[in-house]
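Take a look at the structure set out below.
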Amino acid sequence: MASDSTAIWAGIARICAYLRGEQGCSWDRAQTPESLLPYLLEEVHEVAEALAARGPEELTEEVGDAIYLWVFFMQVLEDSGRIRLDEAARSIEEKLKRRHPHLFGSGNGATDEASPRSAWEKRKRLEAPAGAEILRPLPPGLPALLRARRLQEKAAAFGFDWRAAKDVFPKVREEVEELALAIESGSSAGAVREELGDLLFAVVNLARHLGEDPEAALSAATEKFRGRFNRMADAVEERGRRMGEVPLDELEIAWQEEKRRRPTETPPKDR
C-alpha cells in the first residue's frame with residue numbers, strides 16, 4: 001500500500017511539474033502561492049461538504065481535486081524560493097515524534113496515553129515560549145462554529161471541560177434564560193449580542209460532547225429547512241395562492257402539514 005501511495009503522489013507531482021514547465025500551461029506557470037490560496041480554501045470546503053452530504057463518488061472526486069491542488073501548491077511554493085519541501089517534511093516528522101513521546105520514546109514519557117489530544121496540547125505548551133498564551137488565536141477565516149469547537153477542545157486538554165453531555169444542558173438553559181432576560185429588559189444591542197454569542201458557544205459545547213460536528217449539524221438543518229420550505233411553497237402555490245401574499249397563520253398550517261408528511265429527511269445530494 002505504501003509503495004502504491006508513493007507512486008501515486010510521484011505521478012501527480014510529475015504532472016504538476018509538466019504543467020509548470022516551458023511546454024506546459026500558461027495559467028499554471030503564472031500561479032503564485034497567494035493566487036492559489038482561494039482555490040485551496042474552496043477545495044477544503046468542497047471536501048467538507050462532500051463528506052457530510054454526498055456519496056462516495058462525489059467524495060472521491062473532491063478529495064482527488066484537493067490532493068492535486070495541494071501538490072501543485074507545494075510545488076509553486078518551493079518554486080517561489082520561500083521554503084524547501086524537504087525541510088518542511090523533516091520539521092513535521094520531528095514534531096510528530098516530539099508530540100507522541102509515549103510512542104517514539106522521546107521526552108520523559110510523562111504523557112497521558114489515555115488522551116492523545118490532551119498529551120498533544122500539553123506537549124505543545126511545554127514547547128511554547130515563556131509567557132505565551134495557552135489558547136492562542138485561531139485563524140480568523142475559520143467558520144465561527146469551528147473556531148469555538150477548537151478552542152473548547154484545547155481548553156479541555158487541560159482539564160477545563162464538562163464531564164458529559166448531560167452536564168452541558170443546564171448551561172444551555174441558563175444562557176437561553178439570560179438571553180431572554182436581556183431582550184425583555186430592553187438591554188442594548190451589544191448586550192443582547194453578547195448573550196446570544198454565549199448561547200451559541202454553549203450549544204457548540206453540547207454538540208462536541210455529543211460527538212457531533214456543529215458545523216455539519218447546522219448545515220444539515222439548513223438544508224432540511226430549505227427543502228421543507230420549498231415543498232411548502234409548492235403546496236401553497238398549487239392551491240392558487242402566491243407566496244408573499246399568504247398570511248403567516250396559513251403558512252404555519254402548511255408548514256406543519258409538510259412537517260407531518262416528512263418529519264425527517266436526508267439533505268439532497270445534487271447541490
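Given the structure is predicted, the values throughout are model-derived calculations rather than measurements.
Without hydrogens or angle criteria, S187 side chain to I183 main chain gives no donor-acceptor distance under 3.5 Å. Between the side chain of R149 and the main chain of P214, no donor-acceptor pair closer than 3.5 Å is present. The backbone N or O of L85 sits less than 3.5 Å from a side-chain atom of E78, completing a donor-acceptor pair. Of the possible donor and acceptor atoms, one in the side chain of R20 sits under 3.5 Å from a partner among the backbone N and O of Q31. In this structure, S91 contributes its side chain and E87 its backbone to no donor-acceptor pair below 3.5 Å. With hydrogens and angles ignored, the 3.5 Å screen pairs a side-chain donor or acceptor of D167 with a backbone N or O of A164. With hydrogens and angles disregarded, no donor-acceptor distance shorter than 3.5 Å links the side chain of E174 to the backbone of F169.
Here CG of L151 is found 12.0 Å from CZ of R136. Values are rounded to the nearest 0.5 Å. Between atom CG of residue D213 and atom CG of residue L145 there is a gap of 8.5 Å, rounded to the nearest 0.5 Å. Rounding to the nearest 0.5 Å gives a distance of 12.0 Å between CG of D79 and CE of M74. In this structure, the separation between CZ on R150 and CG on L142 is 9.0 Å, given to the nearest 0.5 Å. To the nearest 0.5 Å, atoms CG (L19) and CZ (R14) are separated by 13.0 Å. Atom CG of L206 is separated from atom CH2 of W162 by 11.0 Å, given to the nearest 0.5 angstrom.
The pair E177-R173 does not meet the salt-bridge criterion, since no charged nitrogen lies less than 4.0 angstrom from a carboxylate oxygen. Ion pairing of R242 with E250 is absent here, as no side-chain N (NZ or NE/NH1/NH2) approaches a carboxylate O to less than 4.0 Å. Between R231 and E258, at least one side-chain N (NZ, or NE/NH1/NH2) sits under 4.0 Å from a carboxylate O, which counts as a salt bridge. Residues K97 and E94 are not paired through a salt bridge, judged by the lack of any N-O separation under 4.0 Å between the basic side chain and the carboxylate. Remark: R82 engages E34 in a salt bridge, criterion side-chain N to carboxylate O under 4.0 Å.
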Next on the checklist: Show, in sequence, the C-alpha distance, side-chain angles and deciding distance for R241 and E245, and conclude whether the salt bridge (charged side-chain N to carboxylate O under 4.0 Å, His left out) test is met.
Outcome noted: CA-CA 8 Å; R241 306 299 299 276; E245 299 176 356; over 6 Å; no
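Under a hydrophobic-cluster definition in which Ile, Leu, Val, Met, Phe, Trp and Tyr are linked whenever side-chain heavy atoms come within less than 4.5 Å, directly or via other members, L218 and F201 are assigned to different clusters.
A side-chain donor-acceptor contact under 3.5 Å links D161 and H209.
Below 30°, between 30° and 60°, or above 60°: for Y68 and F72 the angle between ring planes is below 30°, a parallel geometry.
Crowding of R29 atom CZ: a count of heavy atoms from other residues, nucleotides or ligands under 6.0 Å exceeding 12. Enclosure of atom CZ in F73 by more than 12 non-hydrogen atoms of other residues, nucleotides or ligands within 6.0 angstrom is indicated.
Side-chain contact between M243 and E237 is present, with at least one heavy-atom pair separated by less than 4.5 Å.
For an aromatic pair to be called close, the ring centres must be under 6.0 Å apart, and W255 with F225 satisfies this.
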